[in-house]
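Shown next, in structure tokens, is the structure this report addresses.
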Amino acid sequence: MELTGALRRFFVFLSEQQALRRWVTRNGWANRAARRFVAGETLEEACDAAARLNAQGKAVTLNLLGERTTRPEDAQAAAVLYRKVLEEIHRRSLHADLAVKLTQLGLDLSPKLAEENLDGICTQARRLGGFVWIDMEASRYVEATLEVYRNLRASGHGPDTVGVALQAYLYRSERDLEDLLRLGTRIRLVKGAYAEPPHIAYPRKADVDRAYVRLLERLLRQGYRPAIATHDERILAHARSFAEAHGIPLDRFEFQMLYGVRRDLQARVVQEGGRLRVYVPFGPDWYPYFMRRLGERPANAAFLLRSLVQESPGGFGRPSGVE
Ligand code: FDA
């Protein structure tokens, strides 16, 4: 198994360990470390971060952290908060949209509940001129997620209100992409962040990257306002040259990157006239998201282990070379 794949699997495993979660989230150094990838715990902190990014010419996607909700009242509370986020985006005239996870809105409890919660958020988005991205989670949720998306479209929410992420590492995504293109869908293309078995997803990174490029070319040619969500410099360069070679203007698609990741690259995209959106997560429930980010890069994981050993208060504050 490749080292990068093994590392990701290990951190995805850690992200699901409740005892470790309790221990890590109580630790001061871990809280400071998470701040690299998470804008803060409150909506106000997230909106302040969004305003700062907007001032640098970057659009934003706000995400209230949370997933795999086990109580209906928590799912409903998340939906209420999301409507509040939309109001705040509108009130502060932020250049920002939203991203939600369906398991946060109750998908594990019932797809109907998640759909009703998302419907309420989309109705609010429509009223305020906002937009909602549905994040894609582990493969066991993909079918239900796409079903919820299709139902929302059938009930009248248009492609300028709701879009969905697709993961290049899944074999099924080529077919899903074609179905979604037929519906005229805004798609955010990502590589995929979960630990999937080899009969479901490409186990080798090189194959994931190749699949990403195939889907990317299809999206650039046929997609409706697609989002190329990656920090992979080679893929970014390919997207630009492919667009140029096929006469696709730079404003027909956007690049998306994660808060705190490759800020140098983020600045470069803006400098070169590309459209960039930064995914800004916030909220107290940061543990699984943080663990997935750590597992994406050996240097991040090494930094965590060093901090664990040293338990140094300044530990993660300014990790040199974590990007
Ligand atoms: P890759 O992993 O090949 O990394 C390329 C380079 O980027 C690395 O060499 C490194 O320099 C840098 N880099 C990447 N991750 C880093 C990190 N954590 N810290 C520091 N540097 C890092 N996934 C999913 O399954 N469902 C979803 O809905 C989403 N949504 C989403 C939205 C947005 C806007 C982005 C950018 C990503 C996602 N993802 C996601 C995550 C995605 O699947 C993937 O895990 C990460 O983007 C990392 O992969 P890259 O495409 O960056 O490539």
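Just follow the structure's listing: the first ligand is 1, and inside any ligand the first atom is 1.
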*Hey, is H231 touching ligand 1 through its side chain, its backbone, both or neither, going by heavy atoms under 4.0 Å?*
both
_R297 contact mode with ligand 1 (heavy-atom cut-off under 4.0 Å)_ = side chain
*asked:* Given 3.5 Å as the limit, does a donor-acceptor pair link the side chain of E147 with the main chain of E143, or not?
replied: no
_With rounding to the nearest 0.5 angstrom, report the OH to CD distance, Y202 to Q167._
13.5 Å
_Working to the nearest 0.5 angstrom, can you tell me the gap between I228 CD1 and M257 CE?_
11.0 Å
*Please work out whether any backbone atom (N, CA, C, O) or any side-chain heavy atom from C-beta onward of Y212 is under 4.0 Å from ligand 1, and answer side chain, backbone, both or neither.*
neither
*Can you tell me if T103 and D108 form a side-chain donor-acceptor pair at under 3.5 Å?*
no
*Output the list of atoms in ligand 1 that are nearer than 4.0 Å to some heavy atom of M257, sorted by atom number.*
36 (C)
_Side chain, backbone, both or neither: the part of A193 lying under 4.0 Å from ligand 1 by heavy atom_ = both
_Checking contacts here: is it the side chain or the backbone of E137 that comes within 4.0 Å of ligand 1, counting heavy atoms only? Could be both or neither._
neither
*What atoms of ligand 1 come within less than 4.0 Å of a heavy atom belonging to D135?*
28 (O)
_N or O pair under 3.5 Å between Y169 and ligand 1_ = no
*Which is closest to atom 39 (N) of ligand 1 in terms of heavy atoms, L258, D209, N300, V190?*
V190
*Examine the proximity of ligand 1 to E296 and report which part, side chain or backbone, both or neither, has a heavy atom under 4.0 Å away.*
side chain
*Aromatic ring pairing H238/F242, orientation class (parallel under 30°, perpendicular over 60°, tilted between)*: tilted
*Measure from atom 3 (O) of ligand 1 to every heavy atom in R262, R8, K205 and give the option owning the shortest one.*
K205
*Can you tell which of Q256, R188, Q167, K101 gets a heavy atom nearest to atom 32 (C) of ligand 1?*
R188
_I'd like to know if R68 pairs up with E137 as an ion pair, taking the criterion as any Lys NZ or Arg NE/NH1/NH2 lying under 4.0 Å from an Asp or Glu carboxylate oxygen._
no
*asked:* One residue to check: T230. Relative to ligand 1, which of side chain, backbone, both or neither has a non-hydrogen atom less than 4.0 Å away?
replied: both
*Charged N to carboxylate O under 4.0 angstrom, E272 versus R240?*
yes
*Quick one: do the Q124 and E87 side chains pair a donor with an acceptor below 3.5 Å?*
yes
_Proximity winner for atom 43 (O) of ligand 1, if only heavy atoms of G192, A165, A299, P298 are counted_ = G192
_With a 6.0 Å cut-off on the ring centroids, do Y279 and Y259 count as close?_
no
